[in-house]
Amino acid sequence: MSATGAVMLVLLVRRCSSALVLAALAASLGYLLAGAALDPRARLEAARPRPPQPAIEAELTALNLNDRTPLHVRYLTWASGAVRGDFGRTLHGTPVSDELPRRLGTSLLLLLPGAVLGAALGVLLGALSVLHPGPDKALTVLSHVLLATPVFVLAVLLQLGAQHANAAMGGHFFQWVGEGTDLTSRLRHLVLPTATVALLQAALYSRYQRALMRDVLEAEHVRAARARGLRRHHALLKHGLRTALVPTSTFFAYDLGLLLLGAAFVEQAYGRHGMGAWLLDSLREADPHPVAACVAVAALLVPTATVLAGAAHRLLLPGSRT
């Protein structure tokens, strides 16, 4: 292995180790907050008919949710299982690890295409608004309107538009109730959720990329390219866009984890039972283990995406050591 390869390997190992440490700290904090704030005992005691007190105590102890056991002891029991992939059980006795992959898969399928499409579209619009200032005001107004529109409201508006489109076409091209049974139906069910996420992400990224491109205008390498005779838009596209994409890739890494946890509104608007909806339901039911599992997944996803963003930095700027 060459010296450069060895350095890159050491850097990758260091970044992965840091990511795991940060994920473990965030997951631990999530469990401790959920364990301290949520009260599963009150939930069980509110059942009708009310179970006998010894039965409640036995159930809470079996689930590692008994508040009469010190929180740090419960945490150590949970953490020792979590490192093996066992995130405990819900208040209903269901293993969290059995439910988590299905919930996560639903959320990723619902959100990831829209997030990627929206980010790409936003970067394109942000760059074009600097290259061609004419439509910039219209794009600014549109992006601000989209960012100010609640997710649920945007989803309802798209559903109303889809109803009119279906009526005009005399068919059911747009579908959003349920998840579909065959591949074609499932793809049709993904159109509106993808559009909802993509529109919001495009509005966000277009403003961010626009600001980055304006900063790059005054960068030394862009000015040098223009001094060599390149036109403004050629200099920006050839020398400025790659530099401006570096912070965007980092922003996408952090935004993905927040989007995953904030998916509840999109999932509820389209009747999907993903991780965001599960998180809200678990908070409502005072069920700590699913909450801790959702936080742990997001805590692992963000540093992992950050490591991938670092790799993207090296592809965009081969000489970079960040």
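Because the structure is predicted, anything quoted here is derived from the model rather than measured. Positions are given from 1, in the same order as the sequence printed here.
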Same apolar cluster: Leu76 and Leu71, side chain cutoff 4.5 Å: yes

Distance in Å, Tyr75 OH paired with Leu29 CG, rounded so as to fall on 0.5 Å steps: 10.0 Å

Sub-4.5 Å side-chain heavy-atom contact between His289 and Phe87: no

Atom of Leu91, atom of Ala286 and distance for their closest heavy-atom approach: CD1-O, 3.7 Å

Heavy-atom check, side chain of Asp86 versus side chain of Trp78, under 4.5 Å: no

Salt bridge (Lys or Arg N to Asp or Glu O under 4.0 Å) pairs, two or more places apart, involving residues 280-293: Asp281-Arg284

Heavy-atom pair of closest approach, residues Leu192 and Ala162: CD1-CB, 3.8 Å

Atom pair OH (Tyr208) and CD (Gln201), whose distance is rounded to the nearest 0.5 Å: 13.5 Å

Side chain to side chain, Thr106 and His273, heavy atoms closer than 4.5 Å: no

Derivation and outcome, side chain to side chain contact (heavy atoms under 4.5 Å, CB included), residues Thr90 and Glu99: CA-CA 10 Å; Thr90 70; Glu99 184 75 5; over 6 Å; no

Minimum-distance pair of heavy atoms, taken over all atoms of Leu125 and Leu139: O-CD1, 4.1 Å

Non-hydrogen side-chain atoms of His189 and Arg272 separated by less than 4.5 Å: yes

Between Ser107 and Glu267: side-chain donor-acceptor atoms closer than 3.5 Å: yes

Spatial distance of atom OH (Tyr270) from atom OG1 (Thr194) [nearest 0.5 Å]: 9.0 Å

Path from Val191 to Val151 over hydrophobic side-chain contacts below 4.5 Å: yes

Closest non-hydrogen atom pair, Leu121 against Ala202: CD2-CB, 4.0 Å

Donor on one side chain, acceptor on other, Gln53 and Glu57, under 3.5 Å: yes

Using a 3.5 Å cut-off and no angle test, enumerate the donor-acceptor pairs between side-chain atoms of residues 30-39 and protein atoms at least two apart in sequence or in another chain.
| from | atom 1 | to | atom 2 | distance (Å) |
| --- | --- | --- | --- | --- |
| Tyr31 | OH | Arg74 | O | 3.4 |
| Asp39 | OD1 | Arg41 | N | 3.4 |
| Asp39 | OD1 | Ala42 | N | 3.4 |

Taking every non-hydrogen atom, the tightest pair across Leu110 and Pro193: CD1-CB, 3.3 Å

Test item: Ser282 and Cys294 side chains (from C-beta on) under 4.5 Å apart, heavy atoms: no

Pairwise distance OG(Ser143) to CG(Leu200) - rounded to 0.5 angstrom: 11.5 Å

Gap between atom CG of Leu199 and atom OG1 of Thr149 - 0.5 Å precision: 10.0 Å

Connected via hydrophobic side-chain network under 4.5 Å: Leu108 and Trp278: yes

Point-to-point distance, once rounded to the nearest 0.5 Å, from CG of Leu146 to CG of Leu204: 11.0 Å

Hydrophobic cluster of Val141, others only, ordered by chain and residue number, side-chain cut-off 4.5 Å: Val145

Polar side-chain atom of Thr69 near backbone of Leu65 as donor-acceptor pair, under 3.5 Å: no

Residue pair Met275 / Val297, side-chain heavy-atom distance below 4.5 Å: yes

Audit row: Gln268, Leu280, side chain to side chain contact (heavy atoms under 4.5 Å, CB included) steps and yes/no: CA-CA 10 Å; Gln268 290 183 344; Leu280 285 186; 3.9 Å; yes

Heavy-atom side-chain proximity of Pro150 to Phe265 below 4.5 angstrom: no

Linked, directly or transitively: Leu63 and Leu60 (ILVMFWY side chains, under 4.5 Å): yes

Leu100 to Ala293 - nearest heavy-atom pair and separation: CD2-CB, 4.4 Å

